[in-house]
Protein chains: 2
Amino acid sequence: MKPLLEDIKQELKAKNIYLSHQRLKVLECLIQNHCHPTAEELFIGLHKDMPTLSKTTVYNTLRILAESDLVRTITIEGNESRYDIVTGDHGHFKCGSCGMIFDFPIDFDSLLTKELIRFKIIEKNIYFKGLCPECISNKQKIK
Amino acid sequence: MKPLLEDIKQELKAKNIYLSHQRLKVLECLIQNHCHPTAEELFIGLHKDMPTLSKTTVYNTLRILAESDLVRTITIEGNESRYDIVTGDHGHFKCGSCGMIFDFPIDFDSLLTKELIRFKIIEKNIYFKGLCPECISNKQKIK
DNA sequence: TGTAGAATTGTAATGATTACAATTATTATA
DNA sequence: TATAATAATTGTAATCATTACAATTCTACA
């Protein structure tokens, strides 16, 4: 399930995308943490070990990876984009209390509807909002 | 299917939300056109007949209506929010060529997954991207 | 080694949204 | 009806994520 860096390197090579140190680090962060970070969060995390890193490079890298379908841009809130290594179909659940994002499996085929039969579907996105189990039980404690 | 302004007025009254002229116009625009406009588009459309209207008022109105669940904020692209009168479950399809947004019916119940059983789901969103029939056939013509 | 082309960097610009304070409209009450 | 309190509207300024751009640095290849 988890994508291997080696596979990604192959894909990049096939697509003629040069894997610089900066791009590698962005990819590693996305693969290892799988935390759906924002560009800002990625930048802050990587900047510690890489003080010369520029935020523009983070944005550029994410754009390039997204254009080559190695990274998916997650749009849940209007004021921030998050990024996800592409791993096949899944939905996202964002907890409105702690802000954490959870993956959940989804059967996209069950969504096919005759109303869209003449449309060409390129990208499918599902996100839910609500409260995660931990935040629910925390609220109970407060009461 | 189409929400009646009268029903909305009732709901607003029940929720103690004052229906000013500006708010009424925003609502009317959302009901009649059902075009999923951005705040900017709403502002431009309404400004013609209402030169004193402020963009801030459009944003304030949309926020208030969204908070009272009369309007839904549609987040498809990271750089713009669109707004929809709430009419029950449906998904959105955005054509990447003409930019138009289409509604399509969706069976949200079929999405329920045991992985989310301990989560409290407040809001469900589905959007697809791709090409609409018209843009597909236009491309054929060009070829 | 030198050179062309690509990637990175830092800063400035953009553009949607929000904050805020002044003004205007509405409601409640005397 | 007049008045005070409250809420809504307005315009401008601020914010913040993202992008544009030009200078610098890096890489690949001759």
Side-chain angles (χ1 to χ4, degrees), chain A residues 9 12-29 36-68 70-84 94 99 101, chain B residues 9 12-29 36-68 70-84 94 99 101:
Chain A
K9 282 185 181 172
L12 288 172
K13 189 160 258 175
K15 290 178 180 176
N16 257 319
I17 296 169
Y18 167 64
L19 184 61
S20 67
H21 182 57
Q22 290 89 337
R23 291 176 181 176
L24 175 65
K25 288 296 174 188
V26 168
L27 273 170
E28 282 179 354
C29 187
H36 314 87
T38 61
E40 177 77 18
E41 288 167 355
L42 271 168
F43 173 73
I44 291 172
L46 294 173
H47 190 261
K48 289 171 192 158
D49 299 328
M50 227 176 147
T52 63
L53 180 68
S54 154
K55 203 180 283 186
T56 301
T57 298
V58 175
Y59 277 105
N60 285 340
T61 299
L62 291 169
R63 182 176 41 75
I64 283 173
L65 295 174
E67 282 170 4
S68 20
L70 288 162
V71 159
R72 165 168 287 215
T73 306
I74 308 175
T75 308
I76 296 183
E77 309 291 348
N79 60 346
E80 63 176 26
S81 291
R82 295 183 170 272
Y83 299 90
D84 200 9
K94 174 158 185 177
I101 292 178
Chain B
K9 282 185 181 173
L12 288 172
K13 189 159 260 177
K15 290 178 180 176
N16 257 320
I17 296 169
Y18 168 63
L19 185 59
S20 67
H21 181 58
Q22 289 87 338
R23 291 177 182 176
L24 174 65
K25 287 297 173 189
V26 168
L27 273 171
E28 281 179 354
C29 186
H36 315 87
T38 61
E40 177 77 18
E41 287 166 356
L42 270 168
F43 172 73
I44 291 172
L46 295 172
H47 190 261
K48 289 171 192 158
D49 298 328
M50 228 176 146
T52 63
L53 180 68
S54 154
K55 204 180 280 186
T56 301
T57 298
V58 175
Y59 277 105
N60 285 340
T61 299
L62 291 169
R63 181 175 41 75
I64 283 173
L65 295 174
E67 281 170 3
S68 18
L70 288 162
V71 159
R72 166 168 286 215
T73 306
I74 308 174
T75 310
I76 295 181
E77 310 291 347
N79 60 345
E80 64 176 25
S81 292
R82 295 181 169 273
Y83 300 89
D84 200 7
K94 174 158 185 176
I101 293 178

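Letters go in sequence order (proteins before strands), and every chain restarts at 1. Keep in mind the model is a prediction, meaning the values are calculated, not measured.
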In whole angstrom, give the distance that lies between atom [atom1] of [X] and atom [atom2] of [N].
X       : N      : atom1 : atom2 : answer
A:Arg82 : D:dA17 : CZ    : P     : 11 Å
B:Glu40 : C:dG15 : CD    : P     : 10 Å
B:Asn16 : C:dT27 : CG    : P     : 11 Å
A:Leu62 : D:dA17 : CG    : C1'   : 13 Å
A:Lys13 : D:dT27 : NZ    : P     : 15 Å
A:Phe43 : C:dG10 : CZ    : C1'   : 11 Å
B:Leu19 : C:dT26 : CG    : P     : 12 Å
B:Asn79 : D:dC16 : CG    : C1'   : 14 Å

Quick one: is [X] getting a side-chain N or O under 4.0 Å of the [N] phosphate, OP1 or OP2?
X       : N      : answer
B:Thr38 : C:dA16 : no
A:Arg63 : D:dT18 : no
A:Gln22 : D:dC26 : no

* Structure fact -> Checking C:dT8, D:dT27, D:dT9 against the side chain of A:Tyr18 (C-beta onward), the nearest is D:dT27
* Other residues, nucleotides, ligands: >12 heavy atoms within 6.0 Å of A:Lys15 NZ -> yes
* Atom CD1 of B:Ile74 and atom OH of B:Tyr83: how far apart are they, to the nearest 0.5 Å? -> 10.0 Å
* Asked: How many angstroms lie between atom CD of B:Gln22 and atom CG of B:Asn60, to the nearest 0.5 angstrom?
  -> 11.0 Å
For residues 48-56 of chain B, tabulate all N or O donor-acceptor pairs below 3.5 Å that involve a side-chain atom, not counting sequence neighbours.
residue, atom, partner, partner atom, Å
B:Ser54, OG, B:Thr56, N, 3.0
B:Lys55, NZ, B:Glu40, OE1, 2.6

* Take B:Asp84 and B:Val71 through the test side chain to side chain contact (heavy atoms under 4.5 Å, CB included) and record every step on the way to the result. => CA-CA 6 Å; B:Asp84 200 7; B:Val71 159; over 6 Å; no
* To do: Tell me which residues in residues 50-60 of chain A put a heavy atom below 4.0 Å from DNA chain C, sorted by number, or none.
  => A:Thr52, A:Leu53, A:Ser54, A:Thr56, A:Thr57, A:Asn60
* Note: B:Arg72-B:Glu67 ion pair, threshold 4.0 Å (strictly below) -> no
* Asked: Quick one: do B:Glu41 and B:Arg82 make a salt bridge, cutoff under 4.0 Å?
  -> yes
